[in-house]
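Notes follow once the structure below has been shown.
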Amino acid sequence: MNVVIIEDEFFSAEKLRILLQQIDPSLDVLAVLPSVEKAVSWFSTHPEPDLIFSDIQLEDQESFALFERLAIDAPIIYTTAYDQYAIQAFKQNSIDYLLKPINPEELRAALKKYEYLSQRFLAKGSETPKSEPKERFMVRKGNGFTVVKAQDIAYFKSDQKLSFLITFDGQKLLVDATLEELTEQVDARRFNRISRNRLVCIDSIQKIHPHFNGRLKLELIPADEEEVYVSRDRVQAFKEWINS
């Protein structure tokens, strides 16, 4: 299991790392991040871990700011000396809330809870058949709504917590759904989630360029306002999708 620790106190982070490896020697701590800014930088260039341990009060601001800025799906176990943040913590992807100093048995129980929830969600996912892809999407346009056919969509993108679809004729329209929800709704043979904030149609890809750090750079039709990359951790799945 891969873990990231978000903690600005060196001794607290080191104590947590030692406790984790005592409980599970196979556990791998990928990074210890002391601030929101350093965490944003790390998560922007690395695949998500299986689990995050996060303090709340960091050296620059509260860790909640990180999860407001980035769409991080990994579950979180909060570790803090304060109990007043519990309600806010569980509004994130929190599965537990441990007060410092961390009790080894409570930590062990939190890890067991993570394993239990992971197995339950995997089992549930394997038993639930995927619904037929949507053929049309209702989107906001001006003061009202309109319907866009799936075949007319070049790609979806998220920006500032909002989701948009871009049509082949260049319209940018607001969608009332998250990118995670849209990924489940589209035809997986035609659309691929290339990054946390892009879901592209095969017909919109004009050119593919190799890029540093193992990523791929895409040229889309119509051109995006920003440069578009396939995240390093999604490159293999993207290549398999292209060749399928």
Side-chain angles (χ1 to χ4, degrees), residues 40-41 43-48 67-74 93 121-122 124-244:
V40 168
S41 177
F43 279 99
S44 298
T45 56
H46 293 80
E48 289 186 9
F67 306 110
E68 291 172 356
R69 290 173 61 177
L70 297 180
I72 297 175
D73 297 325
N93 295 348
F121 281 117
L122 286 173
K124 184 177 180 181
S126 64
E127 294 169 1
T128 304
K130 184 176 175 62
S131 59
E132 290 295 317
K134 293 180 66 170
E135 296 181 357
R136 64 190 70 86
F137 293 82
M138 186 171 74
V139 298
R140 295 182 182 271
K141 188 173 184 179
N143 294 324
F145 297 88
T146 188
V147 174
V148 178
K149 294 180 180 178
Q151 65 195 43
D152 296 329
I153 300 171
Y155 50 91
F156 297 89
K157 61 187 293 186
S158 63
D159 185 20
Q160 299 295 320
K161 297 185 180 180
L162 299 175
S163 299
F164 299 89
L165 67 77
I166 287 76
T167 63
F168 282 103
D169 62 4
Q171 296 184 77
K172 181 180 179 181
L173 302 166
L174 182 64
V175 189
D176 287 330
T178 66
L179 222 58
E180 288 74 18
E181 292 169 338
L182 292 167
T183 301
E184 294 299 317
Q185 295 170 0
V186 297
D187 186 346
R189 295 170 298 179
R190 300 191 65 243
F191 287 86
N192 185 268
R193 181 80 175 272
I194 62 167
S195 65
R196 293 191 183 96
N197 56 8
R198 292 292 187 283
L199 174 63
V200 303
C201 176
I202 184 72
D203 298 328
S204 72
I205 301 174
Q206 183 179 31
K207 292 182 180 179
I208 304 173
H209 304 280
H211 200 68
F212 74 92
N213 203 24
R215 297 185 297 171
L216 298 173
K217 182 178 179 181
L218 304 185
E219 293 184 30
L220 302 180
I221 301 174
D224 199 346
E225 302 162 344
E226 306 170 67
E227 294 185 334
V228 178
Y229 300 97
V230 181
S231 299
R232 184 175 61 178
D233 59 313
R234 301 176 192 258
V235 165
Q236 185 58 41
F238 175 80
K239 290 180 179 178
E240 293 173 358
W241 173 70
I242 288 289
N243 292 322
S244 63

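Closest non-hydrogen pair, Thr178 versus Glu181, comes out as N-OE1, 2.9 Å. Closest of all the heavy-atom pairs between Arg189 and Trp241 is O-NE1, 3.3 Å. Nearest heavy-atom pair, Ile166 versus Pro222, reported as atom, atom and distance to 0.1 Å: CG2-CG, 3.6 Å. Minimum heavy-atom separation, Leu165 to Val175: N-CG2, 3.7 Å. Of all the heavy atoms in Pro133 and Val186, the pair that sits closest is CB-C, 3.6 Å. Taking every heavy atom of both residues into account, Ser163 and Leu182 meet most closely at CB-CD1, 4.3 Å.
Side-chain contact between Arg196 and Arg234 is present, with heavy atoms from C-beta onward closer than 4.5 Å. By the 4.5 Å heavy-atom criterion applied to side chains, Asp203 and Arg190 are counted as neighbours. A heavy-atom distance below 4.5 Å is found between the side chains of Ser44 and Leu70. Looking at heavy atoms from C-beta onward, Val228 lies out of side-chain contact with Tyr155 at the 4.5 angstrom threshold.
Under the rule for a side chain to side chain contact (heavy atoms under 4.5 Å, CB included), the partners of Asn197 that lie at least two apart in sequence or sit in another chain are Ser158, Ser195. With sequence neighbours excluded, no residue forms a side-chain hydrogen bond (donor to acceptor under 3.5 Å, both in side chains) with Gln160. Thr45 pairs by the side chain to side chain contact (heavy atoms under 4.5 Å, CB included) definition with Asn213, not counting sequence neighbours. Residues that satisfy the side chain to side chain contact (heavy atoms under 4.5 Å, CB included) test with Glu219, not counting sequence neighbours, are Gln206, Lys207, His209. By the side chain to side chain contact (heavy atoms under 4.5 Å, CB included) test, Gln151 is found to be paired with Lys149, residues two or more places apart in sequence or in another chain being considered.
Here the CG atom belonging to Leu220 is positioned 6.5 Å from the CD1 atom belonging to Ile194, to the nearest 0.5 angstrom. Separating the CG atom in Asp73 from the CD atom in Glu48 is a distance of 5.0 Å, to the nearest 0.5 Å. Once rounded to the nearest 0.5 Å, the distance linking OH of Tyr229 with CG of Leu216 reads 11.5 Å. Put simply, CD1 on Ile202 and CG on Asp187 are 11.5 Å apart, with the number rounded to the nearest 0.5 Å. A distance of 7.5 Å separates CD1 in Ile242 from CG in Asn192, rounded to the nearest 0.5 Å. Remark: Lys134 NZ to Glu184 CD distance equals 12.5 Å, nearest 0.5 Å.
Glu227 contributes no side-chain N or O that, together with a main-chain N or O of Lys217, makes up a donor-acceptor pair within less than 3.5 Å.
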Notebook entry, point to check: Can you check side-chain contact (heavy atoms from CB on, under 4.5 Å) on Leu218 and Arg198, steps first, answer last?
Noted result: CA-CA 11 Å; Leu218 304 185; Arg198 292 292 187 283; over 6 Å; no

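Note that Arg69 lies outside the cation-pi zone of Phe67, set by a 6.0 Å cut-off to the ring centre and a 45° limit from the axis.
Here ring-ring contact (aromatic ring centres under 6.0 Å, His included) pairs that include residues 157-204, with residues two or more places apart or in two chains, are Phe156-Phe191.
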